[in-house]
**Student:** 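First, the structure itself, so that you have it in front of you.
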There are 2 protein chains.
Amino acid sequence: MARQTSENWFGCPFRFGANVLGDGWSLLILRDLIFREARHYGDFVAAGEGISTNILADRLQRLEAEGVISKQQDPDRAVRVIYRLTEKGRGLVPILMAIIDWSEQWDDRTEVPAAFIKAYREDRSGFVASVVDGLELAEAKPGEGA
Amino acid sequence: MARQTSENWFGCPFRFGANVLGDGWSLLILRDLIFREARHYGDFVAAGEGISTNILADRLQRLEAEGVISKQQDPDRAVRVIYRLTEKGRGLVPILMAIIDWSEQWDDRTEVPAAFIKAYREDRSGFVASVVDGLELAEAKPGEGA
DNA sequence: CTGGATCCCAATAGATACTG
DNA sequence: CAGTATCTATTGGGATCCAG
């Protein structure tokens with residue numbers, strides 16, 4: 001879909017979110033960041049969804065430009081990059097949760113929920129807390145980003 | 001993104017939802033169906049987002065195949081088609097709401113929220129009720145759809 | 001070795017014009 | 001009104017290359 005610019009901006013806040021979430025690869029990357037604690041470039045490649053490296057690089061860049069994730073050097077190994085949720089990105093968690101709730105209700109192909117989803121279901125608030133607290137969130141206040 | 005098939009199915013319920021929502025045009029169509037009570041093909045074209053007719057046709061077909069919307073003839077005028085949310089599609093409302101909440105918090109370009117969003121904010125539950133009750137929902141039970 | 005960039009080319013998305 | 005047809009632009013897969 002055409003990206004959101006000043007020219008096609010109609011003052012609809014929903015469109016603002018749709019611009020970030022209306023992409024399958026971005027959603028999968030966010031899932032891995034939030035529920036699977038993916039941190040490195042290779043983690044996303046290894047996630048098994050078959051994302052191409054050029055697409056991955058593009059989406060990571062896009063998500064960073066949108067201010068929902070941030071990059072930094074791994075303090076342990078300089079060659080590694082760590083991707084993290086920003087505060088703005090953390091705000092997306094309820095949306096992903098809502099997607100999971102809906103999917104679980106309507107998906108008739110998955111009999112056994114993925115392990116990370118199961119963990120979330122068994123103790124929703126506890127799981128969320130652990131996921132979110134486990135992250136040292138990057139800076140980002142309302143008004144930042146694209 | 002590659003569409004979800006039996007071959008690339010990894011048993012992740014989140015991916016199930018991402019497959020439906022990971023598309024900007026589909027999200028906009030759902031917004032218009034849910035919050036703007038769009039019913040006809042032309043309503044979506046006129047929504048001002050500049051969707052091409054082939055894309056619109058494709059997405060309407062896709063959403064129908066996924067079981068979130070249904071088509072039927074307009075009883076008043078046979079040449080018209082009415083698009084409606086199914087029960088499964090109605091289940092998406094909380095997700096769209098979550099997107100709106102997030103967008104309103106982080107969008108710094110829209111000072112004045114769109115009118116339909118404002119209505120929703122002023123009386124969230126009442127608004128939802130009116131929107132949803134205003135629709136005669138089409139049939140669709142868990143286990144249906146793609 | 002990790003995080004990309006680049007290239008090739010196949011497949012998909014999309015704009016515009018046109019039709020039953 | 002609700003779409004097709006056609007043509008072009010962009011995305012994406014897969015391999016390879018490269019810099020730190």
Side-chain angles (χ1 to χ4, degrees), chain A residues 1-5 7-8 15 18-29 32-33 37-66 69-84 138, chain B residues 1-5 7-8 10 15 18-29 32-33 36-66 69-84 146:
Chain A
M1 197 192 147
R3 301 209 58 74
Q4 199 174 56
T5 63
E7 293 74 50
N8 67 2
R15 201 190 145 105
N19 199 48
V20 176
L21 299 170
D23 174 78
W25 290 123
S26 299
L27 285 174
L28 259 22
I29 288 170
D32 292 340
L33 262 171
E37 308 201 44
R39 295 278 182 280
H40 312 288
Y41 193 90
D43 294 339
F44 301 106
V45 175
E49 300 283 358
I51 190 169
S52 298
T53 61
N54 56 347
I55 302 302
L56 176 58
D58 175 81
R59 293 306 193 276
L60 288 173
Q61 216 172 293
R62 200 183 278 189
L63 289 169
E64 195 194 0
E66 281 156 349
I69 68 172
S70 72
K71 290 174 62 168
Q72 68 178 141
Q73 268 197 357
D74 190 322
D76 301 328
R77 262 198 294 169
V79 290
R80 287 191 127 196
V81 176
I82 298 185
Y83 294 94
R84 303 186 313 174
Chain B
M1 200 193 143
R3 301 210 56 76
Q4 200 174 58
T5 63
E7 293 74 49
N8 67 2
F10 297 105
R15 201 189 145 101
N19 201 46
V20 177
L21 299 170
D23 174 77
W25 290 123
S26 299
L27 286 173
L28 258 23
I29 288 170
D32 292 340
L33 263 171
R36 294 175 161 168
E37 307 200 46
R39 293 278 182 282
H40 312 288
Y41 196 89
D43 294 339
F44 302 107
V45 175
E49 301 284 358
I51 190 169
S52 298
T53 61
N54 58 343
I55 301 305
L56 176 59
D58 175 81
R59 294 306 192 278
L60 288 172
Q61 213 172 296
R62 200 183 277 187
L63 289 169
E64 194 194 2
E66 281 154 349
I69 68 172
S70 73
K71 287 173 63 167
Q72 68 178 141
Q73 267 197 359
D74 190 320
D76 302 327
R77 263 197 294 168
V79 289
R80 285 191 128 194
V81 177
I82 299 184
Y83 295 94
R84 302 186 314 174

**Student:** Across the strands shown, which category fits B:D58 at heavy-atom distances under 4.0 angstrom: base, sugar-phosphate, nothing?
**Tutor:** nothing
**Student:** May I ask you to decide if B:R80's main-chain N or O and B:H40's side chain share a donor-acceptor pair within less than 3.5 Å?
**Tutor:** no
**Student:** Does the side chain of A:Q72 pick up a donor-acceptor pair with the side chain of A:R84 at under 3.5 Å?
**Tutor:**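 On atom types as modelled, these side chains qualify, holding a pair under 3.5 Å.
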**Student:** Can you see if the side chain of B:S52 gets near the phosphate of C:dG14 - specifically, an N or O under 4.0 Å from OP1 or OP2?
**Tutor:**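 No, because none of the side-chain N or O atoms of B:S52 sits under 4.0 Å from OP1 or OP2 of C:dG14.
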**Student:** side-chain contact (heavy atoms from CB on, under 4.5 Å) for A:F44 and A:L28? Distances and angles first, verdict last.
**Tutor:** CA-CA 9 Å; A:F44 301 106; A:L28 259 22; over 6 Å; no
**Student:** Determine: side-chain N/O of B:R62 to OP1/OP2 of C:dA13, distance under 4.0 Å, yes or no.
**Tutor:** yes
**Student:** Given atom CG of A:D76 and atom P of C:dC1, what is their separation to the nearest angstrom?
**Tutor:** 19 Å
**Student:** Whole angstroms only, please: what is the CG-P distance between B:L60 and D:dT4?
**Tutor:**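 To the nearest whole Å, that distance equals 11 Å.
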**Student:** Could one point to a donor on the side chain of A:T53 or the base of C:dA5 with an acceptor on the other under 3.5 Å away?
**Tutor:**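 Side chain to base: pair found, below 3.5 Å.
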**Student:** Once you round it to whole Å, what is the distance between P of C:dA13 and CG of B:L56?
**Tutor:**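 The answer, rounded to whole Å, is 15 Å.
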**Student:** Whole angstroms only, please: what is the CD1-P distance between A:I51 and C:dA5?
**Tutor:** 14 Å
**Student:** Distance check needed: D:dA2 C1' versus B:R39 CZ, whole Å only.
**Tutor:**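 Rounded to the whole Å, the gap is 18 Å.
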**Student:** Counting just side-chain N and O atoms, does B:W25 come under 4.0 Å of either OP1 or OP2 of C:dG14?
**Tutor:** yes
**Student:** Tell me, with the steps shown, if B:D32 and B:R36 meet salt bridge (charged side-chain N to carboxylate O under 4.0 Å, His left out).
**Tutor:** CA-CA 5 Å; B:D32 292 340; B:R36 294 175 161 168; 3.3 Å; yes
**Student:** If you compare every side-chain N and O of A:R80 against the phosphate oxygens of D:dG20 (OP1, OP2), does one of them come in below 4.0 Å?
**Tutor:** no
**Student:** Show, in sequence, the C-alpha distance, side-chain angles and deciding distance for A:E64 and A:R62, and conclude whether the salt bridge (charged side-chain N to carboxylate O under 4.0 Å, His left out) test is met.
**Tutor:** CA-CA 5 Å; A:E64 195 194 0; A:R62 200 183 278 189; over 6 Å; no
**Student:** Please determine whether a side-chain nitrogen or oxygen atom of B:R59 lies at a distance below 4.0 Å from atom OP1 or OP2 of C:dG14.
**Tutor:** yes
**Student:** Of the nucleotides D:dA2, C:dC7, C:dA5, which one has an atom closest to the side chain of A:N54?
**Tutor:**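 The answer is C:dC7, which lies nearest to the side chain.
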**Student:** How many whole angstroms separate atom CD1 of A:I55 from atom P of D:dA15?
**Tutor:**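 That distance rounds to 15 Å.
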**Student:** Could you say whether A:V79 or A:D23 is positioned toward the 5' end of DNA chain D, judged by the nucleotide with the nearest heavy atom to each?
**Tutor:** A:D23
**Student:** B:R77 has an atom CZ; how far is it from atom C1' of D:dC1, in whole Å?
**Tutor:**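 Rounding to the nearest Å, CZ of B:R77 and C1' of D:dC1 are 8 Å apart.
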**Student:** Rounded to the nearest Å, what distance is computed from the CD atom of residue A:E64 to the P atom of nucleotide C:dG3?
**Tutor:**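 After rounding, the reported distance stands at 14 Å.
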